[in-house]
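Here's the structure, in structure tokens; my notes come after.
Here is the naming used below: chain letters follow the sequence lines, and residue numbers restart at 1 for every chain. Bear in mind the structure is a predicted one, so any value in this text is a computation, not a measurement.
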There are 2 protein chains.
Amino acid sequence: MSNTAYANLKARFARIAALNEAAAMLHWDASAMMPPGGGAARGEQLATLAGLAHELLTAPAVAEDLAVAEAAGDWDSANLALMRRAHARATALPTSLVEATTRANSACEKIWRDAKARADFAMVRPALTEVVALQRETAAALSAALGMAPYDALMDGYQRGVTAADVEPVFAAYEAFLAEALPRAEEIQARRGVALPLTGTFPVAAQKALCQALSARIGLEYDHARLDESLHPFCGGTPSDVRITTFYDEGDVAKALLGVLHETGHALYERGLPTAYARQPVGEAAGMAAHESQSLIVEMQACRSDAFLRFLASELRRRFGCDVAVVAPENLARLWRRVSRGFIRVDADEITYPAHVILRFRLEKAMIEGALSVTDLPGAWNEGLEKLLGIRPPNDAKGCLQDIHWHDGAFGYFPSYTLGAMAAAQLMKAARVAEPGSDAALTQGDMAPLLGWLRAHVHGKGSLLGFQDLLRAATGKPLDPSDFMDHLRARYLEH
Amino acid sequence: MSNTAYANLKARFARIAALNEAAAMLHWDASAMMPPGGGAARGEQLATLAGLAHELLTAPAVAEDLAVAEAAGDWDSANLALMRRAHARATALPTSLVEATTRANSACEKIWRDAKARADFAMVRPALTEVVALQRETAAALSAALGMAPYDALMDGYQRGVTAADVEPVFAAYEAFLAEALPRAEEIQARRGVALPLTGTFPVAAQKALCQALSARIGLEYDHARLDESLHPFCGGTPSDVRITTFYDEGDVAKALLGVLHETGHALYERGLPTAYARQPVGEAAGMAAHESQSLIVEMQACRSDAFLRFLASELRRRFGCDVAVVAPENLARLWRRVSRGFIRVDADEITYPAHVILRFRLEKAMIEGALSVTDLPGAWNEGLEKLLGIRPPNDAKGCLQDIHWHDGAFGYFPSYTLGAMAAAQLMKAARVAEPGSDAALTQGDMAPLLGWLRAHVHGKGSLLGFQDLLRAATGKPLDPSDFMDHLRARYLEH
């Protein structure tokens with residue numbers, strides 16, 4: 001049975017969600033459409049929407065309703081629990097701390113842009129020190145309110161249901177795997193020889209047509225979606241009106257194409273969320289690691305598979321008249337699965353990417369716990385990267401200044417990338433067992449068998465389950481890095 | 001001196017304005033960008049924003065602050081008065097009436113689309129009867145709260161500072177003018193002979209480039225604006241990020257071009273509003289008639305002038321290689337200033353357009369006053385049009401079903417079109433006196449002298465003055481239809 005208090009809460013959370021949807025559309029517009037002169041007003045609009053959403057969430061009536069609310073059934077019980085969690089997180093932080101954090105993050109982010117351009121960490125150190133201090137205060141307040149460790153409380157804001165204790169053994173296992181697998185992958189790659197480059201001029205309009213056709217082919221319904229351009233590709237919008245963006249380079253068709261396939265994975269997740277719980281906490285995506293698992297299962301697991309590369313080869317040949325040898329699936333595989341020890345996370349391949357994340361996870365956890373000072377960060381970074389990948393950044397722009405995240409106050413987010421990559425492999429393995437025809441379908445660009453399975457086991461579950469429980473229900477076990485390692489072995493170590 | 005209560009009110013009205021800005025962007029997006037599947041969620045988002053804005057405006061604290069608020073100086077005094085007016089209008093209507101109106105308007109508008117397509121007034125009659133009943137209830141409630149006549153109270157919602165008593169003599173004078181001027185204009189036009197048609201294929205991309213270049217040439221800064229496509233052209237967005245749209249027909253360059261120049265007039269008004277009072281009532285445009293005066297002073301007064309047609313002729317020739325004789329200014333004048341007695345308001349020329357508005361003003365006023373029933377509307381419409389223009393609609397789709405306005409609950413809006421046209425002529429006359437070089441500049445497509453004058457006397461005034469006072473300050477007199485009639489005489493009766 002449900003009661004009036006729960007009904008009140010559902011109505012209130014639906015309003016909060018509608019405000020957040022409006023903000024999501026305005027964020028998309030700011031990146032994809034807005035003329036530069038609109039920036040200041042947009043800031044006011046977004047601040048007002050965020051402020052009102054926060055007021056709606058922390059109003060006294062919410063605590064009163066939560067105290068007596070009752071909900072029956074798995075979905076509504078989970079929904080009510082998520083409401084309690086959202087309220088606890090929002091009320092745990094004094095307004096003064098929230099405002100100070102917003103200001104400090106914004107100030108640091110601005111300085112960081114210059115500091116990165118000049119490779120001058122000292123320039124941003126004071127601002128980042130302030131950001132970290134406020135994140136530690138935030139973590140402490142959330143820790144007290146939620147009864148979890150400070151760093152876990154931050155991570156919980158990005159991905160509910162995962163703790164550092166879950167992550168550490170998984171990352172340790174990967175580190176051990178990497179030490180053996182990376183040299184071997186490099187050796188195999190060297191033996192195979194250099195790939196033929198996919199060069200030429202690929203007009204933007206033709207690239208856009210390709211990207212839109214392929215994203216539609218793998219399941220994105222364009223009566224509920226748009227594909228536009230922005231400097232940094234992303235997936236925004238709302239579940240019934242999802243907006244993906246990319247950036248076109250006329251000399252490089254792979255960048256936009258693989259980027260759009262990645263964002264399509266995010267978009268398909270949003271499209272598949274349970275409409276019966278639209279604008280309710282339980283109807284939202286399960287978290288950032290879960291979201292990344294869906295972009296990576298599409299981009300890395302499905303679209304870079306041998307099966308799908310056959311389909312892509314024919315599309316590239318048909319649309320751009322590319323040379324048969326260049327777009328041969330084996331050549332595309334060499335081009336798009338190249339392993340390389342690099343300094344930059346966003347340019348990293350599947351094997352080395354987790355090393356970048358493991359480094360950041362350890363450093364940010366140490367900063368939040370007070371074991372690492374901002375002053376010591378560059379040295380710890382360089383040492384850590386050398387230990388993981390055997391390379392040392394020539395400067396901090398290629399080291400601890402490369403990512404926006406920390407400089408914008410995002411601590412606890414980085415693990416999501418690798419948890420997502422590992423979950424993608426684990427889910428793909430389960431999907432292949434359940435849908436034995438899924439690989440054959442991929443050779444035709446048909447993702448329906450895989451998508452059907454993901455809709456049933458991930459998308460349609462919304463936030464009913466936490467990350468580990470979602471994986472358990474879908475694959476029979478919590479996060480297990482061995483499926484990801486098996487995937488890498490099969491793709492990089494056995495040819 | 002100002003006090004805390006006034007400061008509180010300014011902060012509150014800034015939040016309300018930010019919500020309204022967010023809604024304006026989402027409305028633009030819905031018309032220009034949104035995939036069809038996003039409609040339902042967009043409805044929820046807009047309803048939430050409107051509901052929160054209304055709650056902010058009618059919260060008990062507003063009445064308390066308004067009771068003791070003090071503001072000094074013209075601008076802040078006017079701002080406070082406008083806050084009182086907005087609050088009085090919002091609190092005059094019970095929530096149940098507002099909700100019933102929204103539902104009835106929405107239901108009627110949907111039925112109207114079918115009824116218009118089938119030219120079947122009986123189909124929409126019950127729904128429109130309900131809409132009118134609720135508008136009468138609304139007008140009565142506003143009348144009681146604001147101390148003005150019921151119809152005036154509705155008109156005041158679209159254009160502050162104008163009453164039916166202002167409008168009636170002006171419209172009567174125009175009706176008398178029309179009876180003499182229209183046959184004479186037709187006679188002169190017939191004597192002149194038929195214009196050479198501007199036919200050809202005008203690729204959308206080239207039309208868009210022309211429209212963007214010309215709107216920029218006359219003053220629209222594209223670092224604060226966008227030009228996009230939508231089914232019905234409009235000007236939306238916010239003062240620092242204004243969004244105009246048009247619809248391209250490859251066989252007809254005039255439609256998009258003249259439409260964009262019209263919307264640019266609206267956009268320039270928004271761009272010129274006083275930034276010192278951004279997001280305050282006194283910083284907004286002075287009303288719908290004032291707004292229409294700015295679109296029409298650009299489109300009709302400036303851009304269809306002999307001077308600007310010379311510039312347009314050279315642009316069309318340069319961009320599309322049009323025949324010299326076809327784009328000769330005299331031929332463009334014959335094409336784009338053609339007088340014709342027609343049934344459809346939106347297709348009407350400058351001379352007959354006011355007849356369409358006068359008809360609607362009289363009918364809607366009678367409906368609000370209870371002197372005309374919805375059942376008798378089609379007959380009264382047909383009779384009225386025959387009396388004004390000597391033609392009788394063959395069916396109601398070309399008669400009382402043609403406009404969305406009433407079927408969407410907009411009563412009191414129609415006069416704005418003709419008040420705007422008249423004000424445009426009055427302002428243009430004053431601007432020509434103050435800026436004697438403005439016509440010579442128009443031959444080069446240069447609107448700077450006119451725009452400078454409008455910025456000083458209209459745009460920059462925001463809502464400091466009501467419509468009549470704005471005209472008085474800018475031109476030395478309240479609305480005077482004789483300037484508009486002089487303009488029509490000079491353009492249509494003296495060649």
Side-chain angles (χ1 to χ4, degrees), chain A residues 11-30 32-53 55-56 59 205 220-228 237-244 267 270-271 273 275 278-279, chain B residues 11-30 32-53 55-56 59 205 220-228 237-244 267 270-271 273 275 278-279:
Chain A
R12 179 178 293 264
F13 275 81
R15 287 188 104 186
I16 294 169
L19 284 179
N20 291 337
E21 286 188 0
M25 297 312 308
L26 294 178
H27 273 294
W28 166 83
D29 182 88
M33 294 289 152
M34 190 179 76
R42 184 58 47 88
E44 290 295 321
Q45 295 151 20
L46 289 170
T48 301
L49 294 177
L52 284 168
E55 285 174 22
L56 284 172
L220 188 58
E221 309 131 292
Y222 273 96
D223 54 341
H224 285 281
R226 282 185 62 94
L227 167 62
D228 294 281
T238 69
S240 65
D241 181 2
V242 71
R243 310 271 172 115
I244 61 174
E270 290 290 313
R271 291 286 308 122
L273 290 170
T275 52
R279 283 181 217 100
Chain B
R12 181 178 291 264
F13 275 82
R15 287 190 105 186
I16 295 170
L19 285 180
N20 291 337
E21 286 188 0
M25 298 312 308
L26 294 178
H27 274 294
W28 166 83
D29 182 87
M33 293 289 152
M34 189 180 74
R42 184 58 47 87
E44 289 295 321
Q45 295 151 20
L46 289 170
T48 301
L49 294 177
L52 285 167
E55 284 173 23
L56 284 173
L220 187 58
E221 308 132 292
Y222 274 96
D223 53 342
H224 285 280
R226 283 184 61 94
L227 167 62
D228 294 281
T238 70
S240 65
D241 181 2
V242 71
R243 310 272 171 114
I244 61 175
E270 291 290 314
R271 290 286 309 121
L273 291 171
T275 51
R279 285 182 215 100

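Looking at A:Leu52 and B:Glu55, their side chains never come closer than 4.5 Å, going by heavy atoms from C-beta outward. Proximity of B:Glu44 to A:Glu21: side-chain heavy atoms (C-beta onward) are nowhere separated by under 4.5 Å. In this structure the side chain of B:Met25 never reaches within 4.5 angstrom of the side chain of A:Met34, judged on heavy atoms. The shortest distance between side-chain heavy atoms of B:Leu26 and A:Asp29 does not fall below 4.5 Å.
Looking only at heavy-atom pairs under 4.5 Å with chain A, the residue among B:Ala23, B:Gly51, B:Pro36 that has the most is B:Pro36. When each of B:Ala47, B:Gly39, B:Ala14, B:Gly38 is checked for heavy-atom pairs under 4.5 Å with chain A, B:Gly38 comes out on top.
We find the OG1-CG distance between A:Thr48 and B:Asn20 to be 10.5 Å, quoted to the nearest 0.5 Å. Put simply, CG on A:Asp241 and CE on B:Met33 are 12.0 Å apart, with the number rounded to the nearest 0.5 Å.
Residue contact with chain A, scored on non-hydrogen atoms closer than 4.5 Å, involves the backbone and the side chain of B:Ala22 alike. Proximity to chain A (any heavy atom under 4.5 Å) is restricted, for B:Thr238, to the side chain, taken from C-beta onward.
For the pair B:Pro35 and A:Ala225, the tightest heavy-atom approach, listed with the atom from each and the gap, is CG-N, 3.5 Å.
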